[in-house]
Amino acid sequence: MTATLVLYDDEFRRITQVCDRLVREANARIVYVIDKNGQLLASGGDADRVDSTSLASLVAGEMAATGGLARLIGENDFSVLFHEGVKENLHISLVGGRVILVVLFDKRSSLGLVRLRVKKCAEELVQIIDVLLQRSQMPGATAQFAEITDDDIDNLFPE
Amino acid sequence: MVTINYAQREIHCKIVYYGPGLCGKTTNLKFIYDKTSPKVKGRMISLATEAERTLFFDFLPLSLGEIKGFRTRFHLYTVPGQVFYAASRKLILKNVDGVVFVADSQVQRMEANQESLDDLKRNLREENLDIDSIPMVIQYNKRDLPNAAPTAEMSSLLNPWRRPEFLATATTGYGVFDTLKEISKLVLQNIRKGAR
């Protein structure tokens, strides 16, 4: 089977707390934590304002393409991307080589402040993600899915 | 990589539509997008050239319903089929949970089909995934064209694994949902198989 990432309530709550704190401390509008595969793990701030599913997929694609570029010139990765808009900006960073931290901010904040706060939060996120990855590998992490029946699957596709 | 989110009671899976240039990968996704209810689908993203050739990928999120109290969410991606986008295809294939190989049925595209399948095998291997075991469905598209090759011939050339295979005409939708249902089932069965 392909690998599985399991996100439990505990880690979800801790990641959400980091997002909420980063929104406050960086004076940001929205913070997202996305896995490199393009799945949104958690968010903070006014997250419903943006189509987060699309955003997560595009950011992951962009990060993957940037990684490809980095390797072309002999770097492992470019860990930070910055997009400057007229009203709003995106600060995108790779954390612990595993998840992507996205900060959307406007003129109430600044690139310097965001960079500073992201650095601090990234250390904490790495610790949480390490725990999350360990727990994903533990026996029982996906046990309840052993009971999926063919009928359960068929019921997803009513004729 | 399947993501199981206990906090939000969701399972996320990634399905990639692979195949040679102009075989109909994007047309498959467009038909699914057009025919599914807004409650089930998210926004479809196409990163395409001005001539509507896929430049990086197409993306369509679908939410299919609940299993064991978990909402099943499928993220459908296409790769750019043109040969020179090899690097992009490799990126999109990362952490894939299921593959739909879309073959172009036209006789003169058999070599392109074969090349694309070889490219898929190579890229999966680099991701430490095995084409022998990953959930995969083969679709023989463009069956409406007069120069479509016999199915048996395509099958012996492109499907030595005897994976589920479907005839399709993606422009009219024929075979599109059968293909999607089958790959979704295979991915979910794979989650069951790997449960620990």
Peer 1: Specify which of B/Asn95, B/Asn128, B/Leu188, B/Leu180 makes the most heavy-atom pairs with chain A at under 4.5 Å.
Peer 2: B/Asn95
Peer 1: I'd like to know if the side chain of B/Lys14 and the backbone of B/Lys94 have a donor-acceptor N/O pair within less than 3.5 Å.
Peer 2: yes
Peer 1: Looking at A/Asn155, A/Leu41, A/Asp150, A/Asp10, which one has more heavy-atom pairs under 4.5 Å with chain B than the rest?
Peer 2: A/Asp150
Peer 1: Is there a continuous path of hydrophobic side-chain contacts, each under 4.5 Å between heavy atoms, that joins A/Leu40 to B/Tyr77?
Peer 2: no
Peer 1: Would a 4.5 Å heavy-atom cut-off, applied to side chains only, mark B/Arg73 and B/Gln8 as touching?
Peer 2: no
Peer 1: Might you point out which heavy atoms bring B/Gly21 and B/Arg109 nearest each other, and give the distance in Å?
Peer 2: O-NH2, 3.0 Å
Peer 1: Please check if any side-chain donor atom of B/Thr54 sits under 3.5 Å from a side-chain acceptor atom of B/Thr26, or the reverse.
Peer 2: yes
Peer 1: If hydrophobic clusters are built from ILVMFWY residues whose side chains come within less than 4.5 Å, do B/Val83 and B/Leu91 share one?
Peer 2: no
Peer 1: Would you please test A/Asp152 and A/Thr149 for side-chain hydrogen bond (donor to acceptor under 3.5 Å, both in side chains) and show each step?
Peer 2: CA-CA 5 Å; A/Asp152 288 335; A/Thr149 64; 3.2 Å; yes
Peer 1: Please list all pairs passing the side chain to side chain donor-acceptor pair (under 3.5 Å) test where one or both residues lie in residues 100-119 of chain A, with sequence neighbours left out.
Peer 2: A/Arg29-A/Asp106, A/Asp106-A/Arg108
Peer 1: Is there any residue in residues 34-51 of chain B with a non-hydrogen atom under 4.5 Å from a non-hydrogen atom of chain A, and which ones are they?
Peer 2: B/Arg43, B/Ile45, B/Leu47
Peer 1: Which bit of A/Asp51 comes within less than 4.5 Å of chain B, counting heavy atoms only: side chain, backbone, both or neither?
Peer 2: side chain
Peer 1: Could you tell me whether a side-chain N or O of B/Asn5 sits under 3.5 Å from a main-chain N or O of B/Glu10, the two making a donor and an acceptor?
Peer 2: no
Peer 1: Residue by residue, which of residues 166-179 of chain B have a heavy atom closer than 4.5 Å to a heavy atom belonging to chain A?
Peer 2: none
Peer 1: Any idea how A/Phe105 and A/Phe82 line up, ring-wise: parallel (<30°), tilted (30 to 60°), or perpendicular (>60°)?
Peer 2: parallel
Peer 1: Decide whether A/Val33 and A/Val59 are clustered together by the hydrophobic rule: side chain heavy atoms of Ile, Leu, Val, Met, Phe, Trp, Tyr closer than 4.5 Å, transitively.
Peer 2: no
Peer 1: Less than 4.0 Å between a side-chain N and a carboxylate O, is that true for B/Asp58 and B/Lys25?
Peer 2: no
Peer 1: Under 4.5 Å from any heavy atom of chain A, what part of B/Gln189 do you find: side chain, backbone, both or neither?
Peer 2: both
Peer 1: Which one of A/Asp35, A/Leu58, A/Thr16 has the most heavy-atom pairs closer than 4.5 Å to chain B?
Peer 2: A/Leu58
Peer 1: Need one label for A/Glu11: side chain, backbone, both or neither, based on atoms under 4.5 Å from any heavy atom in chain B.
Peer 2: neither
Peer 1: Would you call B/Lys185 and A/Asp154 a salt bridge, using N to O less than 4.0 angstrom?
Peer 2: yes
Peer 1: Are a donor atom and an acceptor atom from the side chains of B/Gln139 and B/Asn28 found within less than 3.5 Å of each other?
Peer 2: yes
Peer 1: Anything in residues 84-103 of chain A with a heavy-atom distance to chain B below 4.5 Å? Please list those residues in order.
Peer 2: A/Arg98
Peer 1: Quick check on B/Ser133 against chain A: is it the side chain, the backbone, both or neither that has a heavy atom closer than 4.5 Å?
Peer 2: neither
Peer 1: Group every Ile, Leu, Val, Met, Phe, Trp and Tyr by side-chain heavy-atom contacts under 4.5 Å, then state whether B/Leu29 and B/Val187 land in the same group.
Peer 2: yes
Peer 1: Please report whether the ring centroid of B/Tyr6 lies less than 6.0 Å from that of B/Phe70.
Peer 2: yes
Peer 1: Checking B/Thr72 against chain A: side chain, backbone, both or neither under 4.5 Å from a heavy atom?
Peer 2: side chain
Peer 1: Heavy atoms, side chains only, cut-off 4.5 Å: are B/Asn190 and B/Asp97 in contact?
Peer 2: no
